[in-house]
Structure formats: structure tokens, C-alpha cells
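Have a look at the structure below, then the notes.
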Amino acid sequence: MTANKRAPKATATEESLHRIFTIPEAPDSTLGRIEQEISQNLAGFLGDHIVAKDHLLTSIEKDFASSAIPEEPAYVSDHMHHLLDKLVAKSVHTSSPSFIGHMTSALPYFILPLSKLMVGLNQNLVKIETSKAFTPLERQVLGMMHRLVYQENDDFYQHWMHSADHSLGAFCSGGTVANITALWVARNNLLKADGNFKGVSQQGLFAALNHYQYNGLVVLVSNRGHYSLKKSADVLGIGRDSVIAIPTDENNRIDCTKLRAKCLELRQKNIAILSIVGVAGTTETGNVDPLEEMAGIAQEFNSHFHVDAAWGGATLLSNKHRNILKGVELADSVTIDAHKQMYVPMGAGLVVFKDPSCANSIAHHAEYILRKGSKDLGSHTLEGSRPGMAMLVYASLHVISRPGYELLINQSLEKAHYYAQLIEQHEDFELITKPELCLLTYRYNPKQVQLYLERCCENEQLAINQLLDQLTKFIQKRQRENGKSFVSRTRIEVSKYANRKTVVFRVVLANPLTTKAILNEVLQEQTELAQESISLLPQLFDKAISRL
Ligand SMILES: *Cc1c(COP(=O)(O)O)cnc(C)c1O
């Protein structure tokens with residue numbers, strides 16, 4: 001806005017409010033211009049191949065400091081400029097091809113106009129009265145995803161997909177809610193109504209344990225399980241300590257011998273196993289548990305077998321690689337996030353159930369809504385009001401199609417293998433976990449130090465690893481601040497260093513536009529940052545090298 005032009009002031013009147021709820025007719029209306037400007041700005045932002053400009057969070061907080069609700073309305077155009085300036089310009093370029101640190105990645109562009117359709121229609125999937133065609137669409141999407149996992153025949157889906165009293169799954173906002181839903185279903189089935197006891201859903205956990213005479217209730221998962229399982233245990237009333245972590249082998253997969261031993265011990269103590277959870281694509285290392293073997297153990301102990309495939313589930317779309325998840329079809333329930341490897345925007349998670357009656361244990365009916373026998377989706381979901389996100393999964397499955405997804409997934413995996421190879425060939429980097437899916441971890445570790453680590457005593461190893469942790473943190477932080485590329489970091493137990501929790505870089509390859517050249521550049525930048533930091537950590541190199 002120019003200084004010499006006096007800005008007209010917006011006012012809150014009935015007329016102005018009426019106007020913002022009315023469809024703008026003229027193609028050159030203000031709102032039309034605003035939309036155009038937003039599209040241009042967004043295209044500019046998304047086309048910018050950097051990951052983030054260097055803004056201090058504390059300085060950004062100053063832009064969001066006032067707690068007063070405005071007493072004066074703003075013009076949309078003014079407010080848009082405010083948003084572009086204060087918010088958009090300081091957000092993260094998750095779509096950048098050099099942003100390879102997280103499971104949140106680029107979206108295909110057709111999602112943008114289609115999301116507008118979804119938002120504009122504002123359908124509420126809780127009940128048919130507010131969603132109509134969106135309800136059968138969501139049931140179809142759940143059917144498709146169920147078929148992806150369980151591969152039942154046409155008759156099966158014909159029979160169950162649209163059945164009022166059954167559900168093949170539940171659509172929700174993400175993997176966390178999907179996992180909570182799965183364990184909620186498992187809990188209510190385990191502690192169901194029996195004689196005078198009306199079931200845990202009605203009488204609660206205390207009465208349920210009393211009735212069934214259990215000394216406790218636990219969930220078993222590998223020590224690579226996602227933290228959402230602890231949240232689930234917390235909200236379901238069994239407590240976070242009741243999620244028991246079973247050790248993993250050197251490939252980050254659950255040790256089934258230890259799992260079975262734990263089950264036997266629990267049986268002795270009369271503690272019920274609410275669920276055994278297999279992870280198909282661990283968040284930190286991307287490994288897949290031996291699902292077939294776990295299913296056998298779950299069956300032996302009569303426990304609900306859940307597979308958390310929030311991230312890795314999309315691999316089933318690749319005929320070449322779906323075998324990595326062999327045994328997933330034996331699970332009672334499976335979580336998949338469409339907003340991870342299916343390139344759908346956030347807010348799209350789901351859980352599918354092998355048995356279409358399984359979720360009846362959480363069914364909830366109310367008079368004005370969700371009447372018995374209705375097909376309202378809200379009767380089997382944790383959330384109430386819910387947007388029509390299933391439409392975007394539906395659209396992606398149609399526009400990209402199964403073979404299209406297969407290409408995307410195969411490419412990501414090939415790229416992960418290529419990057420792993422780059423790391424292994426570079427003598428100053430150390431690959432920590434090999435990619436089973438498109439995720440890997442590694443660190444900078446100069447050759448001499450690597451050699452020394454192999455033969456020094458445990459105390460020295462510890463001291464050196466502590467210094468290397470600092471180095472990894474330094475490089476990762478500096479790389480993020482430089483803003484050209486981004487990898488994340490985490491701490492994982494590394495078997496060759498006596499299972500010490502070690503700081504590592506974590507890379508998730510999902511963006512189809514990430515090229516081999518970009519991967520080379522990321523590694524090159526890390527090498528340069530490492531050289532720079534060696535002067536800051538002289539002890540590390542002096543000590544190690546002098547002893548060789
Ligand atoms: C991401 C993830 C979750 C949580 O999903 P949200 O969509 O973030 O709620 C759960 N489990 C695994 C294995 C994940 O990777």
C-alpha cells in the first residue's frame with residue numbers, strides 16, 4: 001500500500017458480513033485477484049529450491065505476540081499480504097527436492113485445486129445428512145485400502161463395503177488416531193460384555209479387570225515402536241508403562257524369541273496381552289518386523305495382532321516390493337497414513353480391519369445422529385466432525401493409479417540404495433542403518449577414526465562416540481541453518497557400539513524430484529561442514545589419529 005493513498009478502513013457491518021458469505025460474481029472481483037496472487041505466490045514459494053530461510057524462532061514469535069482478538073476487521077487483501085509476509089515466507093519448504101529429512105514431502109499439483117473443492121463443499125463425514133455421496137466414497141476408499149492389505153475377492157467387497165452394520169476400516173486424521181482406534185477396538189473386544197458384566201466400554205477398565213480377573217493389560221511392540229502407541233495406552237487407561245518394548249536384532253526388527261518369552265512370562269503372571277504390534281517401516285530406521293512370525297505368536301497367545309504401517313504401508317502398492325511386508329495380511333488391523341508415502345496432504349490416516357465386524361466393539365449410537373442401522377461413518381470413528389479428506393485419497397488413487405504409485409515407490413527405494421552406496425563408498429562417512437525401505441541413517445566419521453574405533457577399548461570408544469555425536473549435531477544444525485538442504489537427526493542404539501544410543505543423520509527419500517546430483521551435493525555440503533567443525537573439535541581427531 002502506498003503512503004500517499006489514504007487506506008479505506010474496513011468495518012464490521014451486517015452488510016459487509018453478508019458480502020463475505022456471498023459468491024463473488026465478477027471474474028475480476030477482488031477475491032478473484034486475491035486468489036490469483038495467492039496462486040502466484042504459492043508457485044513462487046514451492047518453486048524456490050531452498051528449505052528454509054534463516055529466521056530465528058524467537059524473532060518470529062514477536063509477529064505472533066498479541067493475545068487480543070482484533071476489534072477492527074481487516075480487508076481480505078490486506079490480511080493476505082500479512083499472511084504472505086509473516087507466515088508463508090517463514091514456513092518450511094517441505095516440497096523442496098533437497099528437503100530429505102522427514103516423512104512430510106512434496107504434493108502433486110492437482111491436489112491444490114481439488115483441495116479447494118473439498119474445503120468449499122465443507123462436507124461433514126460424521127453422518128450422511130451432512131455428506132451424502134462422500135460417505136459411500138469414503139467406504140470405497142476404505143475398501144480399496146483393505147483390498148491392498150488383505151486381497152479378498154470381489155464378492156467379499158460387494159458384501160461388506162457398504163454394509164450398515166460393518167466397517168472395513170476407519171478413516172481419521174493420521175497414524176496416531178489410527179493406532180488409538182485399533183487398540184481401542186482390541187481392548188473392547190478383549191474385555192467385552194460377559195454375563196452381568198456390560199463390557200469395558202460401558203463399565204470401564206477397573207470393573208473389567210475385576211470381572212476377568214486379570215492382573216494387568218499390556219501392549220507389546222519392539223523398542224522401535226512409534227510413541228503414538230504410548231499415547232494410545234495412556235488414553236485407553238492402561239498407562240504408558242504397559243507398552244512393553246521388546247529388544248530388536250541388529251536389523252532393527254523385533255526379536256521373536258524374546259517376544260515369545262515375554263508372552264509366556266505374562267501368561268504366568270496372568271497379565272492379558274491386549275495387542276502385539278508389528279511395525280512395518282519404523283519411523284527412525286525404516287525397517288519391517290517379521291510379521292508372519294509375529295502373527296503366529298499373536299495367535300498362540302490369543303492376542304490382537306496390529307500392524308503399524310503408517311509410513312511403510314504404501315509399499316504394498318509396489319508389486320516389486322510388497323513382499324517386504326509379507327504377513328501383513330495376517331494382522332487383525334493395519335494402520336496406513338495416506339499423508340506419508342501416498343502424497344496426500346496431512347490429515348489423512350486410516351486403519352483397516354481384517355474382520356468387518358471387528359470395529360463393532362467401538363460402535364456408538366445416538367438419537368439425533370448415528371441411529372442404529374444407519375450408514376453414518378461417525379458411529380465407528382473416534383473423531384466426530386470430520387472433513388472429506390478421503391476424496392483426496394480417492395482422487396490420488398485414480399489420477400496416479402496403482403502402477404503410478406509403484407513407480408514412485410520403486411524410485412524412492414532405488415534412490416535410497418544409491419545414497420547408501422554413496423555413503424559406503426565415501427571413506428569419511430559411516431552408514432549406520434541400511435535402507436530396507438526408502439529411509440536410512442548414517443554419520444560423518446573420518447576413516448582414521450573409524451579404524452581406531454574398531455580396536456580401541458570400550459571407554460575410549462565411548463569417549464570418541466560422544467565427540468562424534470557432537471559433530472553430527474553440529475553438521476545437521478549448520479546444514480539446516482544454511483537453508484540449502486535438510487536432513488533430520490535422531491538417536492538410535494547401534495549394535496556395533498554396544499547398543500549405545502548414537503546420534504545419526506536420518507534421510508527419508510520420497511520427493512520424485514530429488515535427483516542423484518542433489519544427493520551428491522548434500523553429502524558434499526556435509527563434508528565441508530565437517531571440515532569446518534574439525535577445528536572446533538580438535539580433541540577428537542588429535543586423540544584418535546595420534547594413537548594409530
Ligand atoms: C508417522 C507415524 C505414526 C504417527 O502418524 P501421524 O500421522 O503422525 O499421527 C505412527 N506410527 C508410525 C510407524 C509412523 O511412522
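When a ligand or atom number is given, it counts from 1 through the structure's own listing order. Here the structure is a predicted model, which is why all the values come from computation and not from measurement.
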Within-4.5 Å side-chain heavy-atom neighbours: Ser396 and Ile111
yes

Aromatic ring proximity, centroids under 6.0 angstrom, His102 and Phe486
yes

Any heavy-atom pair between the side chains of Val508 and Lys340 that's under 4.5 Å?
no

Audit row: Phe505, Thr472, side-chain contact (heavy atoms from CB on, under 4.5 Å) steps and yes/no
CA-CA 7 Å; Phe505 301 126; Thr472 310; 3.6 Å; yes

Candidate pair Phe156 and Tyr150, rule ring-ring contact (aromatic ring centres under 6.0 Å, His included), full reasoning
CA-CA 11 Å; Phe156 177 94; Tyr150 297 108; 8.4 Å; no

In terms of the angle between their ring planes, are His93 and Phe45 parallel, tilted or perpendicular, with boundaries placed at 30° and 60°?
parallel

Neighbouring residues of ligand 1, heavy-atom cut-off under 4.0 Å:
Met103, Gly174, Gly175, Thr176, Asn179, His226, Ser228, Gly281, Thr283, Asp308, Ala310, Trp311, Asp337, His339, Lys340

